[in-house]
Peer 1: 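Okay, here's the structure, questions in a sec.
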2 protein chains.
Amino acid sequence: MPKKAKQDVWGALADGTRREILLLLRSRPHTAGELADQFELTAATVSHHLAVLRECGLVLFERRAQTLIYSLDTEGFEEASAYLKLFARGRRK
Amino acid sequence: MPKKAKQDVWGALADGTRREILLLLRSRPHTAGELADQFELTAATVSHHLAVLRECGLVLFERRAQTLIYSLDTEGFEEASAYLKLFARGRRK
DNA sequence: ACTATATTTAGAAAAGAATCAAAATACGGA
DNA sequence: TCCGTATTTTGATTCTTTTCTAAATATAGT
């Protein structure tokens, strides 16, 4: 099995819940449970969103005992940022 | 009917064909037909993509005889740009 | 009015994504 | 090893998006 590619960065950013998760991670890392608590969604659903964010390099995670700690992976944003810069008014370079 | 809002800027940018259309428009305005010719899609499908881009303020259009001329509307990019800037490394402001 | 060209709209099929409940996995502690 | 907590995976359901063909609209020229 060639490993399903599925959603890219743009697909990941297309969902509002995922964009909110990223905003939350901007202040500090959060556990999966903390993130799930912020939304009116099941933990399973939030976990799915986190998987999408992981797969396209927008978040990193690390296990600490039973909990998984998620944090931003700023590299993943590069592609989208570079694209949008092409359309910025008064852009330099 | 309250007028279907449907796709927002993020949803619009999630599609690769639409992102390519925007890149094409960056060099100069194009007619719908010119744009359709650049893809292996029917004119109807490209027209639909253009409608999505219009609805969220990413492109403008103007009629010239039988043809519709599409061009970039840079304002529509602001929301997405502002969001992504929050995650830029070494961001200023 | 009729025809040709350019484009959009409508309707439907197919693929993709979001969500949930339930089952499965991972870890640490008694 | 068995239990409890944290989280993910699986499978099903539903909603949304992409795409097509066919029909409709707009415009200009004859």
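Quick caveat, the model's predicted, so the values are computed rather than measured. Naming: A, B, ... by sequence-line order, numbering from 1 per chain.
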Peer 1: How are the rings of A:F61 and A:Y70 set relative to one another: parallel (under 30°), tilted (30 to 60°) or perpendicular (over 60°)?
Peer 2: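 Parallel.
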Peer 1: Once you round it to whole Å, what is the distance between C1' of C:dA17 and CG of B:D15?
Peer 2: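 Rounded to whole Å, this separation is 14 Å.
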Peer 1: Could you give the CG-to-C1' distance, from A:L50 to D:dT8, as a whole number of Å?
Peer 2: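 The answer, rounded to whole Å, is 10 Å.
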Peer 1: Could you tell me whether the phosphate oxygens of C:dA26, OP1 or OP2, come under 4.0 Å of any side-chain nitrogen or oxygen in A:R63?
Peer 2: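 No.
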Peer 1: Roughly, in whole Å, what's the span from CD in A:E55 to C1' in D:dT9?
Peer 2: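 Taking CD of A:E55 and C1' of D:dT9, I get 12 Å after rounding.
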Peer 1: Heavy atom of residues 66-76 of chain B under 4.0 Å from DNA chain D: which residues?
Peer 2: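 Contacts with DNA chain D under 4.0 Å: B:Q66.
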Peer 1: Contact class for B:A65 (heavy atom, under 4.0 Å): base, sugar-phosphate, or nothing?
Peer 2: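 It contacts sugar-phosphate atoms only.
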Peer 1: Is there a side-chain contact between B:T42 and the phosphate of D:dT21, meaning an N or O under 4.0 Å from OP1 or OP2?
Peer 2: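 No.
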Peer 1: Look at atom CZ of A:R63 and say whether more than 12 heavy atoms of other residues, nucleotides or ligands are closer to it than 6.0 Å.
Peer 2: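 Enclosed: over 12 neighbouring heavy atoms sit under 6.0 Å from CZ of A:R63.
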Peer 1: Whole-Å distance between C:dT9 C1' and B:F61 CZ?
Peer 2: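 The distance from CZ of B:F61 to C1' of C:dT9 comes to 13 Å, rounded to the nearest Å.
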Peer 1: For the residue pair B:T17 and B:D15, what are the closest heavy atoms and their distance?
Peer 2: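 Smallest heavy-atom distance, with atoms named: N-OD2, 2.9 Å.
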Peer 1: Name the nucleic acid region contacted by B:A43, choosing base, sugar-phosphate or nothing; use a 4.0 angstrom heavy-atom cut-off, strictly under.
Peer 2: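 Base contact.
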Peer 1: Could you tell me the separation between the CG atom of A:L41 and the P atom of D:dT7, rounded to a whole number of Å?
Peer 2: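 For the pair A:L41 CG and D:dT7 P, the rounded distance is 16 Å.
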Peer 1: Tell me what B:A44 touches on the nucleic acid: a base, only sugar-phosphate, or nothing, going by heavy atoms under 4.0 Å.
Peer 2: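 If one applies the 4.0 Å heavy-atom cut-off, B:A44 turns out to touch a base.
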Peer 1: Looking at B:T45, does any N or O in its side chain come under 4.0 Å of the phosphate oxygens OP1/OP2 on D:dT19?
Peer 2: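 Looking at the OP1 and OP2 atoms of D:dT19, neither is under 4.0 Å from any side-chain N or O of B:T45.
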Peer 1: Would you say the side-chain atoms of B:R26 pair up with the backbone N or O of B:R28, donor to acceptor, closer than 3.5 Å?
Peer 2: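 No; zero donor-acceptor contacts below 3.5 Å.
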Peer 1: Do any side-chain nitrogens or oxygens of B:R64 fall under 4.0 Å of OP1 or OP2 in D:dT27?
Peer 2: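 Negative; the distance criterion is not met.
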Peer 1: Are side-chain heavy atoms of B:I69 and B:T31 found at a separation under 4.5 Å?
Peer 2: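 Touching, per the 4.5 Å side-chain cut-off.
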Peer 1: Would you say the side chain of B:F39 lies within less than 4.5 Å of the side chain of B:L24, judging by non-hydrogen atoms?
Peer 2: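 Yes. Closest side-chain heavy atoms under 4.5 Å.
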Peer 1: Please give, in whole Å, the distance from C:dA17 C1' to A:L53 CG?
Peer 2: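 Taking atom C1' of C:dA17 as the reference, CG of A:L53 is at 14 Å.
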Peer 1: Does B:H49 reach a base, just sugar-phosphate, or nothing at all? Heavy atoms under 4.0 Å.
Peer 2: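 Sugar-phosphate, no base atom in range.
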Peer 1: For B:E62 and C:dT7, give me the distance from atom CD to atom C1', rounded to whole Å.
Peer 2: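 Result: 15 Å.
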Peer 1: Which atom names give the shortest non-hydrogen contact between B:A80 and B:L13, and what distance separates them?
Peer 2: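 B:A80 and B:L13 have their closest heavy atoms at CB-CD1, 4.1 Å.
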Peer 1: Could you check how far NE2 of A:H48 sits from P of D:dT9, rounded to whole Å?
Peer 2: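 Value for this atom pair: 11 Å.
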